[in-house]
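Below: one structure, written as structure tokens.
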Amino acid sequence: MRKSHRIAAGGIVFKGDQLLLVRYLDSEKGSYLVCPGGRLEDDENILQAVIREVKEETGILVEPKRVIAIEDLVSYRTKMIKVWMLCDFKGGDLQSTIEAKKEGIVEVGWFTKEQLLSKVLFPEILVENDWGKLQSESWQVRCLPSTQANF
């Protein structure tokens with residue numbers, strides 16, 4: 001069986017010492033947090049997708065700056081490449097949007113690293129690395145290992 005292929009984009013957005021995240025509830029994984037993102041539409045590029053997805057899921061306006069990581073996700077039906085971009089916070093207020101609710105997002109918020117110590121968080125580079133290093137100009141793009149996904 002040939003898998004469908006998908007391209008997705010995600011925004012890693014910091015405001016001070018806090019990270020913008022959305023929460024999903026999954027019957028198998030329970031609660032998990034992830035940076036906002038999703039599939040590219042046919043008429044947009046990675047930058048446009050990051051801006052749209054962050055706004056749709058959180059109400060926050062961003063400006064994508066640079067690629068932080070490229071993630072390879074594989075499920076039983078789909079192979080997805082997700083480009084994670086560091087973004088500057090430009091404004092807006094957190095909102096529980098209609099689009100987010102349709103996707104199963106149950107919470108949006110700003111979180112400190114300390115608040116996330118016992119939480120399931122994606123992408124995993126946010127757990128494994130110092131946030132200051134991730135935001136520095138010296139950060140090198142990481143190609144993350146293939147991961148089994150549940151989508």
Side-chain angles (χ1 to χ4, degrees), residues 1-15 18-111 113 116 119-129 131 133-136 139-151:
M1 176 175 138
R2 186 176 170 95
K3 296 180 185 294
S4 67
H5 288 82
R6 183 169 144 182
I7 302 169
I12 298 174
V13 186
F14 292 97
K15 185 170 80 167
Q18 296 181 315
L19 176 65
L20 179 63
L21 296 168
V22 299
R23 182 185 307 274
Y24 288 90
L25 292 177
D26 183 276
S27 57
E28 293 177 24
K29 289 187 217 170
S31 171
Y32 65 95
L33 294 156
V34 64
C35 291
R39 175 195 313 243
L40 267 70
E41 300 295 337
D42 289 340
D43 63 343
E44 66 186 358
N45 62 37
I46 293 285
L47 300 174
Q48 293 165 327
V50 168
I51 293 166
R52 178 185 52 76
E53 285 288 343
V54 172
K55 176 115 171 84
E56 278 182 4
E57 293 182 3
T58 69
I60 299 298
L61 302 171
V62 298
E63 180 183 347
K65 299 308 281 181
R66 66 181 178 282
V67 175
I68 295 294
I70 300 169
E71 191 172 27
D72 180 12
L73 299 162
V74 181
S75 77
Y76 66 97
R77 295 180 301 168
T78 306
K79 179 165 180 74
M80 178 172 71
I81 298 300
K82 190 163 194 174
V83 178
W84 289 103
M85 295 196 73
L86 180 68
C87 299
D88 284 344
F89 170 75
K90 290 302 192 184
D93 295 316
L94 289 177
Q95 298 174 21
S96 179
T97 67
I98 292 168
E99 291 87 354
K101 288 177 184 172
K102 285 180 189 174
E103 287 185 35
I105 294 170
V106 297
E107 178 187 5
V108 299
W110 293 102
F111 296 84
K113 194 154 193 171
L116 301 170
K119 307 289 189 240
V120 177
L121 174 63
F122 299 104
E124 291 183 2
I125 58 166
L126 295 166
V127 176
E128 301 162 353
N129 292 279
W131 288 359
K133 290 180 183 175
L134 281 170
Q135 296 175 73
S136 75
W139 178 262
Q140 296 291 311
V141 175
R142 305 277 167 92
C143 290
L144 305 178
S146 294
T147 304
Q148 283 299 121
N150 190 11
F151 55 84

Roughly how far apart are Arg6 CZ and Leu40 CG, rounded to 0.5 Å?
10.0 Å

Could you give the distance from CG (Leu144) to CH2 (Trp84), rounded to the nearest 0.5 Å?
10.0 Å

Tell me whether Thr147 contacts the main-chain N or O of Pro145 through its side chain, where contact means a donor paired with an acceptor under 3.5 Å.
yes

Check ion pair Arg23-Glu107 (N to O, under 4.0 angstrom)
yes

Looking at Glu57 and Gly37, would you say the former's side chain and the latter's main chain have a donor-acceptor pair under 3.5 Å?
yes

So, Glu103 side chain and Ala100 main chain: donor-acceptor pair closer than 3.5 Å or not?
no

Donor-acceptor under 3.5 Å (Trp139 side chain, Ile68 main chain)
yes

Between Tyr24 and Tyr32, what is the ring plane arrangement, given parallel below 30°, perpendicular above 60°, and tilted in between?
parallel

Any side-chain heavy atom of Ile60 sitting closer than 4.5 Å to one from Val108?
no

Atom CG in Leu33, atom CZ in Phe111: separation rounded to 0.5 Å?
5.0 Å

Above 12 or not: heavy atoms from other molecules or residues under 6.0 Å from CD of Glu63?
yes

Distance check, rounded to the nearest 0.5 Å: Lys113 atom NZ versus Leu126 atom CG?
7.5 Å

Could you tell me which non-hydrogen atom of Cys87 sits nearest to which non-hydrogen atom of Gly11, and how far apart they are?
SG-CA, 3.9 Å

Looking at Ser75, is its backbone amide N or carbonyl O close enough to the side chain of Lys3 to form a donor-acceptor pair, meaning the two atoms are under 3.5 Å apart?
yes

Take atom CG of Leu25 as the centre, draw a 6.0 Å sphere, and report whether it contains more than 12 heavy atoms from other residues, nucleotides or ligands.
yes

Is the side chain of Arg39 donor-acceptor paired with the backbone N or O of Ala49 at a distance under 3.5 Å, no angle test?
no

Quick one: CD1 on Ile70 to CE on Met85, what's the gap to the nearest 0.5 Å?
10.5 Å

Give the minimum heavy-atom separation between Val120 and Ser31, together with the two atoms involved.
CB-O, 4.1 Å

Identify the two heavy atoms, one from Val50 and one from Gly10, that lie closest to each other, and give their separation to 0.1 Å.
CG2-O, 3.9 Å

Applied to residues 49-74, the ring pair (Phe, Tyr, Trp, His ring centres under 6.0 Å) test, sequence neighbours excluded, yields none

At what distance, to the nearest 0.5 angstrom, does CD of Glu53 lie from CD of Glu41?
7.5 Å

